[in-house]
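To start, the structure under review is shown below, and the notes come after it.
Each ligand, and each atom within it, is numbered from 1 in the order the structure gives.
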Amino acid sequence: MLKIEDGIIIGILNMDEFAAGSSTETSYYGPTQNPAAMGRIPGGSSGGCAAAIAAEMCDISIGSDTGGSIRNPASHCGVVGFKPTYGAVSRQGLLDLSMSLDQIGPLANDVSGIAVALNTIAKYDETECTTLDWEKPDFTEVLKDTSLEGMKIAVCSEFIDVTDDEINKTVNKAIQKLVDAGAELVEVSFDYIDLCLPTYYLINYVEFFSATRKYDGREYGSRIEEVCGEEVLRRIKIGSHIAEAEFSGKYYKQALKARSVIRGEITSMLENVDLIVGPTVPKLPHEIGTELEPMEMYAYDILTVIANLAGIPAASIPAGEVEGIPVGLQIQAKPLDDLKIIKAMSVFENTQ
Ligand code: GLN
């Protein structure tokens, strides 16, 4: 679609293997540097996408976001990243990580890049059963807006509690700018924050295991288990274990139930407000090569997996810096309210 609209494709970018990661350190090709904070990870899994934008190598890059892989690197590299409503962009051509959560979306240096990209790629695709046939807005129509009068935005105390203080301070200043532009700020609470990571990873492991059964040696000469990296192998092994009949009811089906509860809670939160605003990632990007346990690495995803579990649109826009390192403001909305996020980001950008 980008080519049809005369987009010039200049390359393919680095990422964590099978999009399973938040640092780009599990790439077969090795880690990518963060151009905005040299020596540190660019985030992931679409780390190359964010780094290429931050280094001004291209105007737009296209990443995938299953649990934050567009927003996390956008936050760490100081660029804008957008995960559309689940189904707003076709997944055709994407290799599955976790098919019920995967979503394609754009990264760019400014909101207009995101809007132009969305106008091009957010389309109903009759060859892809999860795409939505919806009345798509013109995403560029709000680019000159300077007021958020009439918009209700919410901060969630549980999101603040899991985030480092310095990041919260920077994000709060950004939220104040939205209020200065006319938005009404309210506080909401979310009871299921502790349920999000276990639910996300359980679904991810099982769906990834299932998606990788096609790499059985026929097409590439080796079975995936024989050639993949450590994190991919971990997911396949645990996913295979959970998928066994006696465990499926105990874990996977429970995770699907937990996901419905999370989705219900987020949807009802969004009935009374237009947007939920807060930090994108609770920690700063670590130095490349820092040894982290899987659970420590997964903790980076706590604030981003929620949008995927709920199927809602979510974006990250640079909020400011902590110790010279970029920090993102995350903005989330109801399904198909993607334009409201673009509007809030445009107003934010126009007031800078
Ligand atoms: N970091 C998360 C994971 O490893 C999200 C990955 C993604 O969004 N592709 O599953």
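- Linking Ile, Leu, Val, Met, Phe, Trp and Tyr residues whenever their side-chain heavy atoms come within less than 4.5 Å places Ile262 and Ile276 in a single cluster.
- Residue Ala20 places no N or O, backbone or side chain, under 3.5 Å from any N or O of ligand 1.
- Ligand 1 has a nitrogen or oxygen under 3.5 angstrom from a nitrogen or oxygen of Gly21.
- Counting heavy atoms under 4.0 Å from ligand 1, residue Tyr200 touches it through the side chain alone.
- Counting heavy atoms from C-beta outward, Ser248 and Lys253 have side chains that approach closer than 4.5 Å.
- At the top of the distance list for atom 2 (C) of ligand 1, counting protein heavy atoms only, stands Asp301 OD2, 3.3 Å.
- Contacts between Val305 and ligand 1, counted as non-hydrogen atom pairs separated by less than 4.0 Å, are absent for every part of the residue.
- There is a side-chain donor-acceptor pair under 3.5 Å between Glu207 and Ser98.
- Side-chain N or O atoms of Glu158 include none that pairs as donor or acceptor with a backbone N or O of Ser189 at under 3.5 Å.
- Between His241 and Tyr205, the ring centre distance reaches or exceeds 6.0 Å.
- Between Cys228 and Leu233 there is a side-chain heavy-atom pair separated by less than 4.5 Å.
- Of the possible polar contacts, one joining the Lys136 side chain to the Ala122 backbone as a donor-acceptor pair under 3.5 Å is found.
- The nearest heavy-atom contact from the protein to atom 6 (C) of ligand 1 is Ser69 OG, 2.9 Å.
- Nearest protein heavy-atom contact of atom 1 (N) of ligand 1 is Ser22 OG, 2.7 Å.
- If you look at Ile70 next to ligand 1, there are no close heavy atoms at all, none under 4.0 Å.
- Residue contacts with ligand 1: Arg235 is placed with a nitrogen or oxygen under 3.5 Å of a nitrogen or oxygen of the ligand (distance criterion only).
- With a heavy-atom cut-off of 4.0 Å, Tyr201 touches ligand 1 through its side chain alone.
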